[in-house]
A.B. asks: 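For reference, the structure I am asking about is given below.
Numbers for residues simply follow the sequence, beginning at 1.
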Amino acid sequence: LRLIASPHSMVTVRPAHTGKQQRDRQVLLSTIRTLVQEHRVGGLVVGLPLNMDGTEGSACRHVRNFCVRVGQELEQECPPVLLWDERLSTARVKSALRESSKQSLRKQKRTQLLSLIHI
């Protein structure tokens with residue numbers, strides 16, 4: 001279970017909880033309830049593992065069923081749940097990090113050059 005917290009501005013996020021994969025669903029639901037209460041969660045985003053062609057397989061059914069259980073467990077305390085297409089999410093992040101690294105290196109070289117000019 002990974003929980004990312006964000007202020008209501010939704011501009012920044014920070015890790016709030018990372019736990020081991022929990023096989024005991026009741027313990028997992030209890031953990032989610034506690035985290036929702038402690039962090040005053042305004043919404044839950046749950047990764048939906050669609051097939052690459054966009055169809056839903058058994059993994060999607062498990063996720064959807066789990067979201068129903070979360071809603072039942074939290075009742076009135078349950079914030080809105082958004083299912084998010086997680087296809088290629090890791091590849092997108094890796095690509096963004098590579099690009100960011102290149103930009104950071106260019107920025108560093110530019111800073112060095114401007115420092116030399118300033119001297």
Side-chain angles (χ1 to χ4, degrees):
L1 171 67
R2 291 171 190 84
L3 176 69
I4 305 292
S6 173
H8 289 287
S9 65
M10 299 294 287
V11 175
T12 60
V13 295
R14 65 176 171 76
H17 174 82
T18 302
K20 292 182 180 180
Q21 184 173 356
Q22 184 58 253
R23 295 280 181 212
D24 183 338
R25 294 294 181 209
Q26 204 53 45
V27 171
L28 180 56
L29 290 168
S30 176
T31 300
I32 291 171
R33 174 190 293 282
T34 300
L35 293 169
V36 164
Q37 291 169 344
E38 285 177 2
H39 295 279
R40 296 179 303 176
V41 172
L44 299 172
V45 179
V46 179
L48 187 64
L50 294 169
N51 296 322
M52 290 307 289
D53 65 0
T55 60
E56 293 190 13
S58 62
C60 285
R61 272 192 306 282
H62 290 296
V63 168
R64 288 185 183 282
N65 290 339
F66 179 73
C67 288
V68 168
R69 295 240 355 245
V70 168
Q72 291 169 342
E73 178 72 21
L74 299 182
E75 297 174 348
Q76 291 86 11
E77 299 171 354
C78 188
V81 176
L82 171 66
L83 294 173
W84 192 264
D85 177 358
E86 64 179 25
R87 289 177 291 172
L88 300 174
S89 58
T90 301
R92 288 185 191 124
V93 169
K94 285 181 178 179
S95 175
L97 287 173
R98 279 193 302 273
E99 186 58 34
S100 173
S101 174
K102 290 176 192 173
Q103 290 175 3
S104 178
L105 184 59
R106 285 192 293 259
K107 193 175 192 178
Q108 184 180 6
K109 288 179 180 179
R110 191 170 357 134
T111 301
Q112 290 170 351
L113 177 63
L114 290 173
S115 295
L116 287 172
I117 293 170
H118 178 73
I119 293 173

A.B. asks: Quick one: do V46 and F66 end up in the same hydrophobic cluster if we chain Ile, Leu, Val, Met, Phe, Trp and Tyr together by side-chain heavy atoms under 4.5 Å apart?
C.D. replies: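 Same cluster: V46 reaches F66 through Ile, Leu, Val, Met, Phe, Trp or Tyr contacts under 4.5 Å.
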A.B. asks: With side-chain contact (heavy atoms from CB on, under 4.5 Å) as the criterion, how do V41 and L35 come out once you've worked through the C-alpha distance, each side chain's angles and the decisive distance to 0.1 Å?
C.D. replies: CA-CA 8 Å; V41 172; L35 293 169; 5.7 Å; no
A.B. asks: For residues 92-99, run the donor-acceptor check on the side chains, cut-off 3.5 Å, and write out each pair with its distance to 0.1 Å, sequence neighbours left out.
C.D. replies:
from, atom 1, to, atom 2, distance (Å)
R92, NH1, R87, O, 3.2

A.B. asks: Mind checking what makes side chain to side chain contact (heavy atoms under 4.5 Å, CB included) contact with C78, not counting sequence neighbours?
C.D. replies: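 In terms of side chain to side chain contact (heavy atoms under 4.5 Å, CB included), with neighbours along the sequence ignored, C78 is linked to V70, L74, V81.
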A.B. asks: What residues, two or more places apart in sequence or in another chain, satisfy side chain to side chain donor-acceptor pair (under 3.5 Å) together with E73?
C.D. replies: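 In terms of side chain to side chain donor-acceptor pair (under 3.5 Å), with neighbours along the sequence ignored, E73 is linked to Q26.
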A.B. asks: Looking at L44, V45, V63, which hits side chain to side chain contact (heavy atoms under 4.5 Å, CB included) with L83?
C.D. replies: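 Single side chain to side chain contact (heavy atoms under 4.5 Å, CB included) partner of L83 among L44, V45, V63: V63.
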A.B. asks: Output all residues satisfying side chain to side chain contact (heavy atoms under 4.5 Å, CB included) with E56, sequence neighbours left out; order by chain, then residue number.
C.D. replies: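 Once residues adjacent in sequence are excluded, the partners of E56 under the side chain to side chain contact (heavy atoms under 4.5 Å, CB included) criterion are L48, L50, C60, R64.
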A.B. asks: Using salt bridge (Lys or Arg N to Asp or Glu O under 4.0 Å) as the criterion, list what pairs up with E86, not counting sequence neighbours.
C.D. replies: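 By the salt bridge (Lys or Arg N to Asp or Glu O under 4.0 Å) rule, E86 matches no residue at all.
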A.B. asks: Who passes side chain to side chain contact (heavy atoms under 4.5 Å, CB included) against D53, sequence neighbours left out?
C.D. replies: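 By the side chain to side chain contact (heavy atoms under 4.5 Å, CB included) rule, D53 matches N51, T55.
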